[in-house]
Amino acid sequence: MSHDQLHFGIFCLTNVPDWTTEREAVHKNLEQIRLADELGFEEAWVAEHNARQYGIISSSQVLLAACAGTTKNIRLGSGVTRLPMNHPLKLAEDFSLLDVISDGRLNFGIGKAYDLLEFQAYDIDPDERDERYQETFDIIMEGWRNGRISYQGKHFRVPGRGEQATEIQLMPMPLQKPHPPVFVMVSQTEASLRNAAREGFAFVLGQMPTWEDMARLVNIYREEARDAGRSYDEIDELVARSSQLKAIHVSDDRATAAREYEQGLMWYLSILSNRAKVGLGLNELSFQDYLDKGAIILGSSDDVAQQLEDYKKATGIGGLVGWFDAGSQPQEQVLRSMTKFAQEVRPQLTGAAS
């Protein structure tokens, strides 16, 4: 993919407001990802949460494995896998298997998790978050790169206590070499973004209040990567592979798009903690405020195409992950919006991947 080509994905958070059911929310995601593949979207990202209505998928690899069997080309991403909350050997095995099932289409999106309820649900001390994150990541990478794991850390031991083995063979191994691409998800802190730059990983940024905030963070990433000794060509390639999550809706005109999209999105954003989770800060704003800040891209196909051209110029990032179903929108509306985006918006974009 050329550095000036835009690439697009969809984001599935699996919200369950009072007007829908858990079954409906899950099956909506399956249908959306299947259609996204047919329409030529490059990526699908599945969020991972538990114990709250805003996100009921506790294991992204389970849903993505189901999608792998009904899709052919779209890359399947965990957005994110909460590393501190899982045993690292199990994650390495599960995501290796997913890479095999999908014939090498896994994007491994990782994060530290942030919801204190989720830590309490799994009886994990949130003060151990950073240490568990690093140990889990190191163990997964050791397995994917070497095929065997022998690791003794503060929180994890592979193998554990016993006399059966001094190392564990990882089976199956992922198809992608040297390992599936790693993406760092960034919604709240610059520290994660700076670490991704130093490690040479691409990123997916949260909504961000304004395009200016987005451009600033991309520049921080570039500067940090350069300070770490990475070449300009490598940095350009990493930024081209990276994306931002963006609430998006395509309809017949701007007024109709706003009317259709407002209820679901504002249900989600009415919860204070949720605004921070997608990078929109803590202050409660009106739907129009979010439109004025560029936090939402919506309108007719022509409106959205022009906004995306401006967005690309302002931010310099390579891709956009569309949140078409924010707050559990009506499924017919979501599928129509995705179709209009693929068939009417993308052909208008300069540098759009085809």
Side-chain angles (χ1 to χ4, degrees), residues 8-22 24-29 31-32 35-36 41 45 47 49 52-56 79 187 205-214 244-308 310-311 314 320-345:
F8 296 97
I10 68 166
F11 179 61
C12 298
L13 184 53
T14 326
N15 306 142
V16 189
D18 293 340
W19 58 80
T20 190
T21 67
E22 293 172 351
E24 183 180 3
V26 171
H27 282 267
K28 282 176 65 182
N29 284 174
E31 185 177 18
Q32 290 164 14
L35 178 64
F41 283 85
W45 296 93
H49 292 288
R52 294 197 190 275
Q53 282 181 279
Y54 70 76
I56 64 168
S187 60
L205 287 172
Q207 282 269 157
M208 300 296 117
T210 69
W211 292 5
E212 290 75 17
D213 292 315
M214 178 66 186
Q244 183 189 14
L245 169 65
K246 183 65 68 173
I248 187 167
H249 180 49
V250 189
S251 191
D252 297 325
D253 54 65
R254 187 168 177 82
T256 302
R259 184 174 66 252
E260 292 173 341
Y261 198 71
E262 180 176 1
Q263 180 185 9
L265 180 69
M266 295 308 289
W267 169 84
Y268 179 83
L269 295 179
S270 67
I271 303 168
L272 181 145
S273 59
N274 284 352
R275 296 196 290 275
K277 287 164 189 167
V278 294
L280 286 175
L282 296 177
N283 295 328
E284 185 170 2
L285 301 175
S286 69
F287 184 70
Q288 187 61 49
D289 289 333
Y290 289 120
L291 287 175
D292 292 343
K293 288 176 172 290
I296 310 166
I297 294 178
L298 57 70
S300 68
S301 298
D302 291 345
D303 292 334
V304 171
Q306 184 58 60
Q307 290 173 70
L308 287 176
D310 296 341
Y311 165 87
L320 181 143
V321 179
W323 193 12
F324 292 89
D325 191 22
S328 191
Q329 306 283 338
Q331 181 74 334
E332 181 178 352
Q333 172 189 304
V334 173
L335 302 182
R336 180 173 184 263
S337 177
M338 290 171 56
T339 301
K340 288 177 72 67
F341 184 91
Q343 297 179 352
E344 300 175 11
V345 175

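Index from 1, following the sequence.
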Assign the ring pair Phe341 / Phe41 to parallel, tilted or perpendicular, where the plane angle (0 to 90°) is split at 30° and 60°. parallel

For [X] against [Y], the heavy-atom pair lying closest together:
X: Trp19; Y: Gly327; result: CZ2-O, 3.2 Å
X: Asn15; Y: Ala25; result: O-CB, 3.6 Å
X: Gly322; Y: Ile248; result: CA-CG2, 3.5 Å
X: Tyr54; Y: Trp267; result: CA-CH2, 4.2 Å
X: Ala36; Y: Ile10; result: CB-CD1, 3.9 Å
X: Lys246; Y: Gly294; result: NZ-O, 3.1 Å

In the structure I gave you, are the side-chain heavy atoms of [X] and [Y] within less than 4.5 Å of one another anywhere?
X: Leu298; Y: Leu291; answer: yes
X: Lys28; Y: Ser328; answer: yes
X: Phe287; Y: Ile296; answer: yes
X: Asp252; Y: Arg336; answer: yes
X: Tyr261; Y: Gln329; answer: yes
X: Leu269; Y: Leu285; answer: no
X: Leu320; Y: Ile297; answer: yes

Mind checking what makes side chain to side chain donor-acceptor pair (under 3.5 Å) contact with [X], not counting sequence neighbours?
X: Gln263; answer: none
X: Gln331; answer: Glu31, Gln32
X: Thr256; answer: Asp253

Working for side chain to side chain contact (heavy atoms under 4.5 Å, CB included), residues Val26 and Ile56: CA-CA 9 Å; Val26 171; Ile56 64 168; 4.1 Å; yes

Please check this pair: side chain of Thr339 against backbone of Leu335, looking for a donor-acceptor N/O pair closer than 3.5 Å.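 Yes.
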
To the nearest 0.5 angstrom, please state how far the CG atom of Leu13 sits from the NE2 atom of His49.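 If we round to the nearest 0.5 Å, Leu13:CG and His49:NE2 are 5.5 Å apart.
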
Go through the structure and list residues passing salt bridge (Lys or Arg N to Asp or Glu O under 4.0 Å) with Asp289, not counting sequence neighbours. none

Could you pull out all residues at least two apart from Glu344 that satisfy salt bridge (Lys or Arg N to Asp or Glu O under 4.0 Å)? Lys340

The criterion is side-chain contact (heavy atoms from CB on, under 4.5 Å); which residues satisfy it with Pro330, sequence neighbours excluded? Gln333

Counting only heavy atoms not in Glu24 (residues, nucleotides, ligands), do more than 12 fall under 6.0 Å from its CD?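 Above 12, so yes.
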
Tyr311-Gln244 side chain donor-acceptor pair, cut-off 3.5 Å: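 The answer is yes; a qualifying pair exists.
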
Is a side-chain donor-acceptor pair under 3.5 Å present for Asp310 with Gln306?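 Their side chains do contain a donor-acceptor pair, which is all the 3.5 Å distance test asks for.
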
Would you mind checking if Lys293 and Asp213 are paired as a salt bridge, meaning a charged N to carboxylate O distance below 4.0 Å? no

